[in-house]
Amino acid sequence: MRRETLALLAVFAVLALVPVLAELTGQTSWTRLVGQALIYGMAAASLNFILGYGGMISFGHATFFGIGGYVVGILYFHFDEGTRFLGIIPGTGQMLLTLPAAILVSGLAAALVGALSLRTGGVQFIMITLAFAQMFFFLFISLKTYGGEDGVMVRRTNSLPGLNMRDKATLYWVILVVAAGYYLFLRQLVRSSFGQIIAGIRQNERRMTAMGVATYRYKLAAFILSGMGAGLAGALMVNFLRFASPDMLHWTRSGELMVMVILGGVGTLAGPFVGAAALTIIETLLSRLTEHWMLPVGVLLLAVVLLSRGGLMALIARMTGGRGK
Amino acid sequence: MILLTEQLLNGLQYGVTLFLLAAGLTLIFGIMGVINLAHGAFYMAGAFAASWVAIQTGSFWGGLLAGLLVSGLIGVLVEVGVIRRLYARDHLDQVLATFALILILNQGTVLIFGRQPLFSSMPEIFSGSVEILPGLPYPVYRLFVIVVGLTVAAGLYLLINRTRIGMLVRAGATNREMVRALGVDIRRLYTTVFGLGALLAGLAGVMASPIVSVQVGMGDEIILATFVVVVIGGVGSVKGAFVAGLLLGLADTMLRAFLPSLLAQVMSGPEAQALGTGISSMGIYLMMAIVLLLRPRGLFAAQG
Amino acid sequence: MLTVHALEAAYGASQALFGVSFDIRDGEVVTLMGRNGMGKTTTVRAIMGQLPLRGGRVEFDGRPISGLPPEKVARLGFGLVPEGRQIFPTLTVRENLVATAAHRLKTPNPWTLNRIYELFPRLNERARQMAGTLSGGEQQMLAVGRALMTNPRLLILDEATEGLAPVIRAEIWHVVERLKAEGQSILLIDKTFSVLKRLADRHFILEKGRTVWSGSSADLVNDHDRVQAWVGV
Amino acid sequence: EGTKIGVITTLSGPAGYLGEQIRDGMKLGLEATGVPFELVVEDDGRDPNTGLQIADRMMNEEGIKLLTGIVFSNVAMAVVPEAMDLGALYVSPNAGPSPLAGAKCNANYFVVSWQNDSLHEAAGAAAKGRGYKTAVALAPNYQAGKDAIAGFSREFGGEVSEIYTGVDQSDFASEMAQIRDRAPDVVFQFHPGGQGIAFLKQYQQSGLLGAVPMVVAEPSFDAVILKAVGPAALGVIGTTHWGADFDNEASRQMLAAWSAAYPDKPLTNYGQQGYDTGLLIGSALQQVGGDADVDALRAALKEANFISTRGNFAFGPNQHPVQDWFVTEVVADEAGNPKSVTKGKIREQVGDVYAADCKM
Amino acid sequence: MSRVLEIAGLVKSFGGLTATDHVSLTVESGEIHALIGPNGAGKSTLINQICGELAPSAGRIHLAGQDITRLRADERVALGLGRTFQITSLLEDMTVRQNLGLAVQVREGRNFAFFDNVARRREIWDETDAALAETALGPRAGVLVADLSHGEKKQLELLMALARRPRLLLLDEPMAGLGHLESQQMIETLAAARTGCAMLLVEHDMEAVFALADRISVLVYGRIIAVGKADEIRANPEVREAYLGEEEA
Ligand SMILES: Nc1ncnc2c1ncn2[C@@H]1O[C@H](COP(=O)(O)OP(=O)(O)OP(=O)(O)O)[C@@H](O)[C@H]1O
Ligand SMILES: Nc1ncnc2c1ncn2[C@@H]1O[C@H](COP(=O)(O)OP(=O)(O)OP(=O)(O)O)[C@@H](O)[C@H]1O
Ligand SMILES: [Mg+2]
Ligand SMILES: [Mg+2]
């Protein structure tokens with residue numbers, strides 16, 4: 001318990017120092033790299049909540065990531081043009097408005113997708129979430145107003161009162177704080193009464209029903225919570241990239257999120273963050289070395305699966321002599 | 001009338017192609033229960049090997065043989081080297097491992113063949129058209145594809161449902177340990193069947209190579225459609241995959257062919273075109289969603 | 001025929017067997033007894049090669065078979081009716097019976113589909129049904145039939161009458177008796193003490209992963225108090 | 001030790017050959033100018049995120065002031081604004097998306113290839129020039145596809161019936177039947193890369209090749225596509241801003257350099273665009289004498305003081321090219337392989353329609 | 001005595017097979033009603049219809065006077081129906097204590113609480129620990145369920161069902177796989193629990209049935225052929241032939 005708190009504080013401190021260290025060493029791109037890893041980590045962690053803790057393998061999670069992103073993009077677009085979305089909702093560039101809006105809208109989308117998808121299970125669930133994801137993808141591709149396949153630009157990062165969001169380091173710290181908050185939120189969630197029920201459903205849904213649990217409701221709630229998390233991550237991503245495009249919703253992105261979760265360690269709190277960081281950093285470093293970077297990345301991933309049960313977290317646990325998970 | 005007939009035929013042919021793509025996956029994913037994302041990479045390997053050998057030797061049939069051999073061999077190596085260690089594990093580990101395999105196989109292909117698409121032509125005897133109806137010429141090669149597809153469907157159905165190998169593979173999918181405890185060397189069996197699945201993917205690649213572009217990543221584009229076919233049909237059912245393939249092929253073709261003009265009755269031409277195509281791109285996913293909502297386990301789900 | 005000596009085995013870190021020894025001679029019916037969780041099933045799994053050995057030996061016809069994979073062990077002539085049935089749910093009843101059927105040892109009068117159906121008419125009625133939808137008892141019959149179809153030299157019945165109706169249970173005991181008469185060697189694990197006493201030649205009692213007692217049926221009666229302490233009967 | 005030039009391009013996936021051509025061509029173009037230079041090449045994987053990531057590092061860590069290389073519009077739209085914000089220069093060897101050509105144009109942003117629309121306007125003009133009155137136009141159902149058909153129709157003027165294809169469709173049998181049914185004077189289609197290969201093959205297999213003429217813009221019949229489809233491309237009419245048979249010194253030099261360096265690979269328009277970009281950058285660097293400040297380099301680039309392999313070249317007010325467009329036809333060479341021969345000029349000294357919106 | 005369960009004319013067919021054929025049956029409060037019959041007679045099918053896993057083709061089910069025929073499984077549980085599974089069905093990756101704790105938690109409610117900490121919900125753990133301490137599972141509280149022996153799992157199944165404090169408990173072969181000693185213990189546990197809840201007991205272990213049942217119904221080929229007290233059933237020639245055979249009688 002105390003050890004965990006210490007470890008978390010240490011990690012947070014190191015992460016907070018990244019922009020400073022990057023500046024000192026001249027390796028300034030690390031700020032962006034780590035920032036991106038944190039955002040993907042959040043998206044992966046949100047997926048891991050349903051996948052690892054709830055046993056719902058969603059292959060369409062990028063949908064909510066993308067929708068969250070597009071909320072920021074579209075609001076900015078109308079803000080920029082001085083028009084209204086659907087003629088009603090005015091645009092905005094205020095982060096205090098855009099983030100909640102992104103969470104809300106992606107939550108609604110997750111409610112829709114979840115309500116239908118959760119009527120199936122197993123492989124069929126994987127595929128039906130994929131189906132909805134594809135439909136959303138084609139929808140966004142055909143949104144001519146918002147650039148279709150080319151996406152929408154967000155010329156200026158959303159503003160936060162009192163902060164200079166055009167400063168890279170500031171933006172990074174904002175992301176770090178949100179990510180840390182999200183981590184704590186998930187940690188709380190899995191320890192809660194609700195989290196316990198979700199874990200039970202993963203292991204044996206039939207038994208939970210026999211105990212009197214209306215499993216569908218809990219699964220739907222978890223699915224919505226997870227979609228909201230992904231939407232938050234997507235909204236941050238668009239602020240970070242200043243660009244929203246259908247790439248964010250592509251099925252390969254969903255696959256990538258899943259790979260991050262599995263690589264890091266399914267059903268662990270830190271795993272998705274570790275997986276996201278490992279994947280982004282390895283890809284970036286290797287692609288600097290060789291244009292055939294996919295080959296070593298593939299070999300590394302394969303090695304992790306074959307050599308460790310439970311991904312990098314299990315490996316880390318083994319090396320530090322901990323218990324895993 | 002002729003247009004309708006032709007489009008029906010196109011739909012049938014596309015459906016058979018979809019089944020051909022999905023046939024190997026029916027074995028590997030549907031029956032052995034391995035989530036194999038690298039299936040498309042086997043397809044690509046078959047297409048590349050066949051095209052390359054066909055260019056070198058000038059013989060389509062030589063290419064066909066090479067495509068089958070190479071994809072089958074890759075399948076066997078992958079099973080022995082990777083998949084075998086993962087049967088007892090979580091499905092998610094298979095996702096990660098086969099994702100890694102895609103990266104490796106794609107980049108390996110770039111290293112061997114370069115980034116440019118390969119030229120592949122069709123065998124002389126199939127290059128013409130026959131007039132199936134007055135005023136309706138139809139490419140012979142597409143008829144050939146239909147025949148191959150039907151043959152594979154029949155063969156696979158018999159193999160899975162009528163032979164002991166089929167029974168043992170199905171048995172192994174639910175309880176490997178028990179199959180072994182009854183005296184069956186399931187490791188060798190699974191290697192063989194996985195190899196066969198990969199070989200079928202390769203066959204699909206070979207058959208497609210004269211029609212589509214033989215290029216790196218060609219397999220990644222088809223992988224979703226093949227999973228859709230297997231799942232709509234009902235995981236584990238050859239018959240289901242076949243029916244689902246035909247259904248999707250017909251629906252996709254018919255939607256693309258006629259939806260835009262139907263929509264054009266109620267809206268302006270270009271918009272109808274775009275919307276019609278948009279809907280038909282979503283078509284197979286829409287159908288999958290509907291089928292799964294009505295029959296959560298697919299059309300011909302194996303029980304139990 | 002089968003000699004098990006000082007067997008030790010573990011599930012991961014937790015050791016379950018600490019020294020199990022027993023032997024079965026040709027044509028003999030031998031039981032393993034003990035309360036729940038004492039290691040009877042684990043012993044079977046270890047013999048079959050489903051669990052790696054930590055120590056000890058297993059010999060079949062004087063040949064060491066420890067370390068062989070399960071399929072090799074089975075091919076030597078082991079027919080297993082596992083605890084919890086473990087039939088193949090996605091195969092039909094008939095397919096369950098024929099999929100792994102074999103007649104490797106060329107024993108006279110081999111088991112065939114027809115003979116199994118004669119033994120369990122219920123299975124005949126359900127031949128085309130998916131095994132996963134069978135009733136509990138029907139599944140148990142199927143598991144016995146499936147093992148017999150491999151025409152084994154040593155039949156291992158791990159709680160093979162669990163969940164069977166009394167008439168069917170009696171039927172199974174008749175079969176065992178008949179098999180015994182035909183010279184089939186059998187390893188029996190069951191809790192119907194009265195029957196075991198009648199059917200089996202020798203008994204071994206396991207306690208916390210060790211063989212603590214062995215003897216004939218007569219010994220069982222004579223040593224009643226000690227047996228009572230271990231088995232509760 | 002020459003000036004560092006950051007090349008962000010797509011080397012992985014099916015489109016990998018596009019990036020490869022651009023990179024290789026650019027290297028030869030720069031070498032031809034004789035300036036010392038260093039190319040820092042990285043694969044964006046067609047992912048805007050990755051592109052931005054790379055751009056960030058190149059500009060902030062390696063101090064690179066000059067970026068180029070992007071193949072796809074979506075990557076460009078993510079990277080270019082970032083580069084502009086940081087005061088770096090970007091020279092596009094390929095994508096020329098319309099949002100960056102009009103009101104959002106920028107003094108630090110140059111396009112050497114073409115503005116996307118003008119590709120297809122040329123095809124429209126060519127079809128009109130041949131006297132065709134009715135056309136079926138096919139393109140994938142995304143923005144670039146719609147722009148392509150719009151561009152074609154703008155210059156064609158005749159009756160155009162549109163068919164949109166799926167974004168990763170590879171079987172076009174249904175479309176072939178529709179074309180046959182509508183029996184137009186001419187077919188226009190925009191399918192770059194693998195889709196184009198599949199389309200051409202199936203056009204031939206369905207018996208339409210030779211029955212209905214086809215006009216395409218250059219991305220749909222580049223040399224790699226021609227090589228991959230073989231005889232299926234014979235008779236296709238194309239439009240381009242450059243052809244391998246151009247009779248000028250710069251083009252001949254490029255061809256010689258290319259076949260010496262890459263004997264196994266055909267030179268495509270992408271390679272040529274890379275080469276021209278190399279020439280432009282090289283000429284500008286030469287003019288300012290290597291490592292100079294951005295302002296001087298920008299001014300030098302704007303002058304476009306180089307001899308393009310395509311002949312006439314100048315920057316319009318939005319720093320996109322003003323150039324000539326040509327009609328070509330695919331014919332068989334001695335070995336029976338398809339090659340594209342230039343038939344004449346179709347548009348002269350044209351820029352693009354967005355230039356008017358650009359206030360610089 | 002009030003009626004806890006009343007089944008009237010329940011029919012369930014699978015294709016051509018009628019697994020339960022117009023079955024009618026009642027369980028009074030405080031009663032242990034045993035349901036016996038040959039393998040494949042339709043006992044589990046009946047249980048599954050009562051608890052809501054299978055939808056009957058015809059007929060009605062009333063729990064404490066309320067019609068539950070169309071309710072979802074979990075709704076029936078909320079009304080006081082409990083069950084154990086013929087093949088144990090537990091949360092294998094959790095400890096014994098966590099399994100039981102979860103059952104208590106579900107009953108206690110507040111399951112949609114996102115911001116509490118289950119580990120600190122004393123009311124749950126006090127009850128759980130007390131219940132465990134009373135049984136042979138006490139010392140095994142911290143063991144993962146996956147590592148339990150068969151008999152231990154059976155006991156845990158029962159504890160979890162009882163934790164819900166049901167009015168009626170459906171028991172599908174609770175003795176199956178238990179050793180002699182464990183069977184004895186199970187009989188005692190059930191006998192002790194009978195004051196709190198009525199039970200419908202499906203079992204092939206006649207020793208247990210005769211020891212526990214107030215009434216016995218005999219199901220053969222989907223039909224009830226006899227109902228009565230233990231002695232009556234034991235003596236019934238039809239039952240002897242169809243089910244008991246000679247060994248047990
Ligand atoms: N898969 C497993 N993983 C870990 N431990 C196990 C596993 N299976 C059994 N055990 C443990 O091994 C010990 C022996 O179990 P085993 O199943 O061999 O007993 P048994 O004598 O067959 O009992 P029963 O009569 O209940 O079938 C038990 O303590 C049990 O908890
Ligand atoms: N889904 C199904 N499809 C077809 N037949 C089924 C299905 N489920 C059960 N049956 C059949 O219905 C009959 C009754 O089965 P049930 O499981 O209720 O028997 P049971 O009385 O519980 O037997 P046992 O004592 O052996 O457990 C059996 O013959 C079984 O094969
Ligand atoms: Mg046992
Ligand atoms: Mg039953």
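Here is how names work: the chains are called A, B, and so on, in the same order as the sequence lines, proteins then strands, and each is numbered from 1. Small disclaimer: the values here were computed from a predicted structure and weren't measured.
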Distance-minimising heavy-atom pair for D/Gly166 and B/Thr277: N-CG2, 4.1 Å
D/Ala173 versus B/Arg142, closest heavy-atom pair with distance: CB-NH1, 3.4 Å
Leading residue by heavy atom contact count with chain B [cutoff under 4.5 Å; candidates D/Gln204, D/Lys146, D/Arg180]: D/Arg180
Chain B contact via D/Lys265 - side chain, backbone, both or neither, heavy atoms under 4.5 Å: both
Part of B/Met254 within contact of chain D (heavy atom distance under 4.5 Å): neither
Spacing of D/Ser206 atom OG and B/Asn10 atom CG [to the nearest 0.5 Å]: 9.5 Å
Winner by heavy-atom pair count (cut-off under 4.5 Å) against chain B, out of D/Asp168, D/Val167, D/Asp181: D/Asp181
Derivation of the side chain to side chain contact (heavy atoms under 4.5 Å, CB included) call for D/Gln169 and B/Arg256: CA-CA 11 Å; D/Gln169 185 176 336; B/Arg256 266 193 286 138; 2.3 Å; yes
Segment of D/Gln195 engaging chain B (4.5 angstrom heavy-atom cut-off): neither
Check: D/Lys201 side chain, B/Val212 main-chain N or O, donor-acceptor pair, under 3.5 Å: yes
B/Pro260 portion near chain D, given a 4.5 angstrom heavy-atom threshold: neither
Rounded distance [0.5 Å steps], CG in B/Leu3 versus CD in D/Gln178: 7.0 Å
Exam field: side chain B/Arg115 to backbone D/Glu20, donor-acceptor pair closer than 3.5 Å: no
Shortest non-hydrogen contact between B/Phe119 and D/Ala228, atoms and distance: CD1-O, 2.8 Å
Most contacts with chain D, counted as non-hydrogen pairs under 4.5 angstrom, among B/Ser281, B/Ser121, B/Ser120, B/Ser280: B/Ser120
Best-contacting candidate, D/Ala198, D/Gly16, D/Pro14, against chain B by heavy atom pairs under 4.5 angstrom: D/Pro14
B/Gln7 (side chain) donor-acceptor with D/Ala177 (main chain) under 3.5 angstrom: no
Residue among D/Val229, D/Leu11, D/Ile225, D/Ile163 with most heavy-atom pairs under 4.5 Å to chain B: D/Leu11
Proximity breakdown for D/Leu200 and chain B, heavy-atom pairs closer than 4.5 Å: neither
From D/Asp264 atom CG to B/Gln116 atom CD, the distance as rounded to the nearest 0.5 Å: 9.0 Å
Enclosure of B/Glu124 CD (heavy-atom neighbours >12, cutoff 6.0 Å): no
Whether over 12 other heavy atoms sit under 6.0 Å from B/Gln56 CD: yes
Spacing of D/Asp171 atom CG and B/Thr253 atom OG1 [to the nearest 0.5 Å]: 7.0 Å
D/Trp258, CH2: over 12 other non-hydrogen atoms inside 6.0 angstrom: yes
B/Thr5 portion near chain D, given a 4.5 angstrom heavy-atom threshold: neither
Side-chain donor or acceptor of D/Gln205 paired with backbone N/O of B/Gly128 under 3.5 Å: no
Shortest non-hydrogen contact between B/Ala257 and D/Ser174, atoms and distance: CB-OG, 3.7 Å
Which atoms of D/Thr165 approach chain B - backbone, side chain, both or neither, heavy atom under 4.5 Å: backbone
Heavy-atom contact with chain D under 4.5 Å, split by part of B/Ile211: both
